[in-house]
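Below is one structure; the comments refer to it alone.
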Amino acid sequence: MIYQTYQPRLACGATLKEPPLSQFVEFLWFRAGESPSETQSRLLPIGSMELVINLHEDKIPLFDSHSRARYGSTSGTRICGAHSKGFIINNDRRVAAMGVHFKPGGNAAFFKLPAGELHNQIISLEELWQGRATELREKLLETPTLSTRFLVLEQFLLTMMQSPERCPAVDFALREFKRSPISPVRTVTEQIGFSDRHFNQLFRDQVGLTPKRYCRVQRLQQVLHLLKGKKQVDWMEIAFTCGYFDQAHFIHDFRAFAHCTPTEYLTQRSFHPCHILLPT
């Protein structure tokens, strides 16, 4: 299985009036290969939006997060809103997909819809780009090499980029949450001067999650980073390093996102820390 990421280049050279692509996009990615059997994975929340393009077929199935039963599908190009809970994907026998991992709030440069309206939602990109999503997928299919596909995707994003309606207070909070992910949310919001209700709405419109949910997701991501590559873990140390009150609080929060215990996660994690391979 091939999994490759690509950092967007700074858009230089004078023709662009908008900010560089790398200001809004964390990375582009590509995944391809074949697996011996069809399985399912649970994707854990990442705190931002993701664009996914299936290059194998022009549809992507949707699954109920509890029963794991299929209930429909999107087109082969879809947008995953910021999630505060995991969701199910199918690991087909043959995989060929590309995607865009937006920075938190970076979606504002490409979609005018408030990010909060896509909270825990997955929809066909056609609903937002009206024909351009099909055009993008067709261009990628016509492009023979991976390196060129990354360039095609990057250039396409540049053509779709608009002046984002971003709130300076939200940008400040995102920087502070990144700098000190285990600090209480109130420590940051008290510096902003808005009421909690007003700031929560501003943050949700731009990022897709409330500040509290966003910080919980970032703390989960910190846990996954610390667990990467480890088989033996001091769970108490992990809990306190990541700012949980105690081990019980850590396990409760982890189960809320992952639908499994931290110990079960170690045996079920897949090729990526946010992918949990589910039993057949």
Side-chain angles (χ1 to χ4, degrees), residues 1-6 26-57 59-74 76-102 120-122 146 216-235 238-239 242 247 250-280:
M1 183 71 69
I2 299 171
Y3 184 82
Q4 184 169 342
T5 59
Y6 171 83
E26 194 76 51
F27 57 82
L28 312 179
W29 56 265
F30 174 78
R31 184 183 172 207
E34 295 187 7
S35 59
S37 61
E38 189 170 301
T39 57
Q40 289 181 326
S41 289
R42 187 181 303 277
L43 267 60
L44 303 186
I46 57 177
S48 61
M49 293 172 64
E50 192 99 2
L51 190 160
V52 180
I53 307 150
N54 187 350
L55 300 174
H56 177 52
E57 59 179 342
K59 64 178 180 180
I60 307 176
L62 295 167
F63 299 92
D64 183 88
S65 61
H66 296 287
S67 70
R68 296 166 52 185
R70 180 171 175 174
Y71 66 85
S73 63
T74 66
T77 307
R78 74 184 191 183
I79 188 76
C80 302
H83 276 61
S84 56
K85 61 182 181 180
F87 62 92
I88 306 294
I89 64 166
N90 211 46
N91 301 312
D92 294 324
R93 288 179 179 271
R94 184 178 175 187
V95 178
M98 295 190 74
V100 180
H101 182 88
F102 295 103
N120 286 339
Q121 299 295 313
I122 302 173
L146 177 57
R216 286 181 64 205
V217 170
Q218 294 313 301
R219 187 161 52 182
L220 170 73
Q221 289 298 314
Q222 185 183 17
V223 170
L224 300 184
H225 175 74
L226 292 175
L227 293 180
K228 191 173 181 179
K230 292 184 179 180
K231 295 182 179 180
Q232 300 295 323
V233 180
D234 183 337
W235 294 112
I238 292 286
C242 297
Q247 195 167 342
F250 164 54
I251 293 172
H252 178 271
D253 217 49
F254 194 96
R255 287 182 67 96
F257 288 122
H259 295 264
C260 68
T261 67
T263 303
E264 290 169 336
Y265 166 80
L266 291 182
T267 63
Q268 296 176 12
R269 59 187 169 183
S270 187
F271 70 97
H272 188 280
C274 289
H275 288 235
I276 298 177
L277 191 62
L278 299 176
T280 56

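Because only heavy atoms are used, hydrogens play no part in the values below, and waters and symmetry mates are left out as well, while side chains stay in. Each residue takes its place number in the sequence, starting with 1.
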Pair listing, side-chain hydrogen bond (donor to acceptor under 3.5 Å, both in side chains) test, anchored in residues 78-89, at least two apart: S84-H119, S84-N120
Should the heavy atoms of other residues, nucleotides or ligands under 6.0 Å from NE2 of H56 be counted, would the total exceed 12? yes
How many angstroms lie between atom [atom1] of [X] and atom [atom2] of [Y], to the nearest 0.5 angstrom?
X: R31; Y: L55; atom1: CZ; atom2: CG; answer: 13.0 Å
X: I238; Y: L227; atom1: CD1; atom2: CG; answer: 5.0 Å
X: M98; Y: T77; atom1: CE; atom2: OG1; answer: 11.5 Å

If you compare all heavy atoms of [X] against all heavy atoms of [Y], which two are closest, and at what distance to 0.1 Å?
X: C242; Y: V223; result: SG-CG2, 3.6 Å
X: P273; Y: K228; result: CG-CD, 4.5 Å
X: V217; Y: G47; result: CG1-N, 3.4 Å
X: N90; Y: T39; result: OD1-O, 3.3 Å
X: A96; Y: N54; result: O-OD1, 3.4 Å

Excluding sequence neighbours, so at least two apart, what forms side chain to side chain donor-acceptor pair (under 3.5 Å) with H101?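 Partners of H101 by the side chain to side chain donor-acceptor pair (under 3.5 Å) criterion, ordered by chain and then number, come out as E50.
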Among residues at least two apart in sequence or on other chains, which ones pass side chain to side chain donor-acceptor pair (under 3.5 Å) with R68? Q40
Is R42 reaching over with its side chain to a backbone N or O of S65, donor-acceptor style, under 3.5 angstrom? yes
I'd like to know if the side chain of S41 and the backbone of I89 have a donor-acceptor N/O pair within less than 3.5 Å.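 No, S41 side chain to I89 backbone: no donor-acceptor pair under 3.5 Å.
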side-chain contact (heavy atoms from CB on, under 4.5 Å) against [X], all qualifying residues, sequence neighbours excluded:
X: T263; result: W235, T261
X: S67; result: D64, A69
X: H225; result: none
X: R70; result: K59, P61, F63, S73

Apply side-chain contact (heavy atoms from CB on, under 4.5 Å) to V52 and W29, showing your working. CA-CA 9 Å; V52 180; W29 56 265; 4.1 Å; yes
I would like to know whether C274 and L43 meet side-chain contact (heavy atoms from CB on, under 4.5 Å); could you show each step before the answer? CA-CA 6 Å; C274 289; L43 267 60; 5.7 Å; no
List the residues meeting ring pair (Phe, Tyr, Trp, His ring centres under 6.0 Å) with H259, not counting sequence neighbours, and say none if there are none. H66
Name all residues meeting the ring pair (Phe, Tyr, Trp, His ring centres under 6.0 Å) criterion together with Y265; count only those two or more places apart in sequence or in a different chain, and write none if there are none.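 Scan of Y265 (ring pair (Phe, Tyr, Trp, His ring centres under 6.0 Å), adjacent residues dropped) gives F254.
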Is any side-chain heavy atom of Q221 less than 4.5 Å from a side-chain heavy atom of I46?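 When only atoms from C-beta onward are counted, I46 and Q221 do touch, with a gap below 4.5 Å.
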Stepwise side-chain contact (heavy atoms from CB on, under 4.5 Å) test for V233 and L226: CA-CA 9 Å; V233 180; L226 292 175; over 6 Å; no
Does any pair with a residue in residues 251-272 pass salt bridge (charged side-chain N to carboxylate O under 4.0 Å, His left out), and if so which ones, sequence neighbours excluded?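 The answer is R216-D253.
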